Amino acid sequence: ADAEKMAATGVTLAFLAGCVILVLGQIFLTPLARLLGSTDTILPYARSYLRIILLGAPYMTASFVLNNQLRFQGSAAYGMVGIGAVVNIILDPIFIFVLDMDTGGAALATILSQLASFCMLLLGCARGGNLRIRLKNVCFRRDLFLEIGKGGLPSLCRQGLASIATRSHWVSCLSGRKRPPS
């Protein structure tokens, strides 16, 4: 019972964190684009992309948690199905070229593909012996928060540092201080 509460609470907290990212990202869209390396030339395209991609932040963050939960339960196959990649491959040329949506179309294709992946992961939670994600199990208790934090903090730190290192590397490459990987 506590495991299902922890799973549902973790996914809900991730979804809420994604909502915060969505709101703050929309408020600080230009500074965010600049932080990510936008120049004056690409800023309009970056803003167009970010404005749409941020709409998917809530279910993208929840997908990360669901994927890890399913992997932990021995059901990694649900996260590896790749339905999101297939949806993205199909929608990208349609939105970008046929509907002439440019970078906004690429962003829309991406968030729709992420939504498809999120739905696949939720479906995975409803199958087999996996923990069910039910809203009735969401429980905002201090002990659950601490347990979720203990379990997720190492992964957050590892992935956060990898993101920072990758961004730093590419900034160095773009500024001519390093050669990009071949």
Side-chain angles (χ1 to χ4, degrees), residues 5-39 42-72 78-79 82-85 87-88 91-92 95-96 101-125 133-135 137-142 144-171:
K5 286 181 182 177
M6 197 176 309
T9 302
V11 171
T12 302
L13 288 173
F15 187 87
L16 293 174
C19 290
V20 170
I21 291 168
L22 163 62
V23 170
L24 291 177
Q26 295 292 349
I27 292 170
F28 299 107
L29 197 62
T30 299
L32 177 60
R34 294 266 188 216
L35 178 71
L36 294 171
S38 291
T39 62
I42 64 167
L43 184 62
Y45 302 104
R47 286 176 47 89
S48 171
Y49 186 85
L50 283 172
R51 185 175 289 115
I52 296 170
I53 204 79
L54 285 166
L55 296 174
Y59 55 85
M60 285 181 188
T61 53
S63 289
F64 295 142
V65 173
L66 282 172
N67 196 4
N68 284 329
Q69 286 180 0
L70 286 167
R71 200 163 22 107
F72 182 71
Y78 290 106
I83 190 168
V87 170
N88 204 348
L91 292 181
D92 261 338
F95 289 165
I96 295 169
M101 295 175 68
D102 296 321
T103 54
L108 184 58
T110 299
I111 67 168
L112 290 175
S113 66
Q114 290 288 332
L115 181 59
S117 293
F118 174 72
C119 292
M120 176 61 79
L121 292 168
L122 273 179
L123 182 66
C125 290
I133 304 299
R134 296 183 177 111
L135 285 177
N137 288 332
V138 175
C139 186
F140 294 110
R141 289 190 343 229
R142 186 174 186 270
L144 286 181
F145 291 165
L146 290 173
E147 196 66 32
I148 291 167
K150 277 181 12 187
L153 190 60
S155 181
L156 174 68
C157 292
R158 181 181 33 91
Q159 290 176 341
L161 288 172
S163 297
I164 291 167
T166 301
R167 185 197 181 283
S168 298
H169 176 75
W170 279 105
V171 168

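A quick note: this is a predicted structure, and the numbers were derived from the prediction, not measured.
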Measuring from Thr39:OG1 to Tyr45:OH, what's the distance to the nearest 0.5 Å?
10.5 Å
So which atom in Leu108 and which in Met101 form the shortest heavy-atom distance, rounded to 0.1 Å?
CD2-CE, 3.6 Å
Which heavy-atom pair separates Val87 from Ala116 by the least distance, and what is that distance?
CG2-CB, 4.1 Å
Restricting to side-chain hydrogen bond (donor to acceptor under 3.5 Å, both in side chains), what partner residues turn up for Arg158, sequence neighbours left out?
Ser155
For residues 53-64, tabulate all N or O donor-acceptor pairs below 3.5 Å that involve a side-chain atom, not counting sequence neighbours.
residue	atom	partner	partner atom	Å
Tyr59	OH	Ile111	O	2.8
Thr61	OG1	Ala14	O	2.6
Thr61	OG1	Ala57	O	3.0
Thr61	OG1	Pro58	O	2.9
Ser63	OG	Tyr59	O	2.8

Minimum heavy-atom separation for Ile133 and Cys125, please, with both atom names.
CG1-SG, 3.8 Å
How far apart are the closest heavy atoms of Ala8 and Thr12, and which atoms are they?
O-OG1, 2.8 Å
Rounded to the nearest 0.5 Å, what separation is found between the CG atom of Leu35 and the CZ atom of Phe28?
12.5 Å
Whether the side chain of Gln26 engages the backbone of Arg51 through a donor-acceptor N/O pair (distance < 3.5 Å, no angle test) should be reported.
yes
Nearest 0.5 Å, what's the OG-CG distance between Ser113 and Asp92?
8.0 Å
So which atom in Asp102 and which in Ile96 form the shortest heavy-atom distance, rounded to 0.1 Å?
O-CG1, 3.6 Å
Minimum heavy-atom separation for Ala109 to Leu91, with atom names?
CB-CB, 3.7 Å
Nearest 0.5 Å, please: how far is OG in Ser117 from CG in Asn88?
9.0 Å
Interatomic distance, Ile42 atom CD1 to Ser48 atom OG [nearest 0.5 angstrom]:
12.5 Å
To the closest 0.5 Å, what do you measure between CZ (Phe140) and CG (Leu16)?
5.5 Å
Sequence neighbours excluded, which residues qualify as side-chain contact (heavy atoms from CB on, under 4.5 Å) partners of Ala33?
Ser38, Leu43, Ala46, Leu50
